[in-house]
Amino acid sequence: MKIELVSTGFERYYLVDGVKSPSVTQVIAYHEDKSFLNEWKNRNPLKADTTCSSARMRGTNIHKALYCFHTDTTKFNKVVEKFSDEENKYLRGYKDLIDITTSPLFLETKVAYIEEGKGFGGKIDNVSLLKACDFVYYKTNTQVFSKPEELFIIDYKNPNKAKQPVHLISYCLQLSAYCAAFNFSTQLTYGLNKALLVIVSPRMTTYYYLSPQKLGVYWDIYKELLEGYYLKKKYDWKKMKENLGVHEDDRGYPRIDKVNYLPE
């Protein structure tokens, strides 16, 4: 399977065996309810623009450092030398995790999923081996990785403040799509079926574990989003949240059912 990322200056897309395909984020963004974000931007557009720009730059720099951590110590040190105090603070939030990950086997791997003429592409740069014996998931105090060393996919997010669980849905959809695309593209005998979502904010670092069951739920939803993207039919985002165990109370605040499919 030949996968090529194309950037025209107006849009970015993937060519998968010559077939034009959207990226994972394009598919999700087509359906996603961003009303809360738009309301925030409208209240203070200048602050919103500054905040978003700094967040994008910080995310790019930190991802670059994490990419170099296991592969090029010299380059890692050079990247970190240019970090601001704020960026160093965010990077320290990842210390516990990167200290127990071994050298990633796949870096900047382009993956794609094509079925019945419809598909999508993406680029994975954080597929890691984890020393499972050194990782105990803090919410359950158990090891969620069953093998001494197990492949998993990890995504790092660096928001300006802690995210509410209801705002993690898009991240979960991304992870499920990347896992499915990797498993579809690769010729390997194993597949990715576990994921960690790591959210580092100025005050805390939070790990969210996505089990094979929950990744499967999000993958089923993503396939519906993909179908809607090609048919130009918007998915009912509010109904999806309710099906995942998220609803709003009489005042419009998000509430989470005890049994839900949000990350643990």
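The hydrophobic cluster containing Met57 does not contain Val200, counting ILVMFWY residues as joined when their side-chain heavy atoms lie under 4.5 angstrom apart, directly or transitively. There is no path of hydrophobic side-chain contacts, each under 4.5 Å, that joins Val24 to Val6.
Under the rule for a salt bridge (Lys or Arg N to Asp or Glu O under 4.0 Å), the partners of Lys223 that lie at least two apart in sequence or sit in another chain are Asp220. Contacts of Lys234 classified as side chain to side chain donor-acceptor pair (under 3.5 Å), with partners at least two apart in sequence or in another chain: none. Glu81 meets the side-chain contact (heavy atoms from CB on, under 4.5 Å) test with no other residue; sequence neighbours excluded. Qualifying ring-ring contact (aromatic ring centres under 6.0 Å, His included) partners for Tyr90, counting only residues two or more places apart in sequence or in other chains: none. Phe120 pairs by the ring-ring contact (aromatic ring centres under 6.0 Å, His included) definition with Tyr113, Tyr222, not counting sequence neighbours. Under the rule for a side chain to side chain donor-acceptor pair (under 3.5 Å), the partners of Ser170 that lie at least two apart in sequence or sit in another chain are Glu32. In this structure Asn243 satisfies the side-chain contact (heavy atoms from CB on, under 4.5 Å) test together with Lys239, sequence neighbours excluded. The side-chain contact (heavy atoms from CB on, under 4.5 Å) check on Lys233 picks up Leu231, with sequence neighbours excluded. In terms of the side-chain contact (heavy atoms from CB on, under 4.5 Å) criterion, residue partners of Lys118 (sequence neighbours excluded) are, by chain and number, Glu227, Tyr230. Residues satisfying the ring-ring contact (aromatic ring centres under 6.0 Å, His included) test with Phe76, not counting sequence neighbours, are Phe69. Under the ring-ring contact (aromatic ring centres under 6.0 Å, His included) criterion, Tyr171 pairs with no residue, sequence neighbours left out.
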Under 3.5 Å donor-acceptor pairs involving side-chain atoms of residues 9-21, not counting sequence neighbours:
residue : atom : partner : partner atom : Å
Glu11   : OE2  : Lys20   : NZ           : 3.2
Tyr14   : OH   : Lys123  : N            : 3.4
Asp17   : OD1  : Lys2    : N            : 2.8
Ser21   : OG   : Val19   : O            : 3.3

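Residues Ser211 and Lys194 form no side-chain contact, since every pair of their non-hydrogen atoms from C-beta on lies 4.5 Å or further apart. You'll find the side chain of Ile169 reaches within 4.5 Å of the side chain of Lys241, heavy atoms only. Considering only heavy atoms from C-beta on, Val80 comes within 4.5 Å of Leu91 through its side chain. Side chains of Ile199 and Thr205 form no contact here, defined as non-hydrogen atoms less than 4.5 Å apart. Residues Thr73 and Lys75 have side chains not in contact (no heavy-atom distance under 4.5 Å, counting atoms from C-beta outward). You'll find the side chain of Gln174 reaches within 4.5 Å of the side chain of Ile28, heavy atoms only.
Residues Tyr229 and Gln26 share a closest heavy-atom pair of CE1-O, 4.1 Å. Closest approach of Leu215 to Ser176, counting heavy atoms only: O-CB, 3.6 Å.
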Phe83 vs Asn61, side-chain contact (heavy atoms from CB on, under 4.5 Å): CA-CA, chis, key distance, verdict: CA-CA 8 Å; Phe83 270 20; Asn61 290 341; 3.7 Å; yes

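Judged by a 6.0 Å distance limit and a 45° cone about the ring axis, Lys232 is positioned over the six-membered ring of Tyr30.
Residue-environment remark: NZ (Lys64) stays at or below the threshold of 12 foreign heavy atoms within 6.0 Å.
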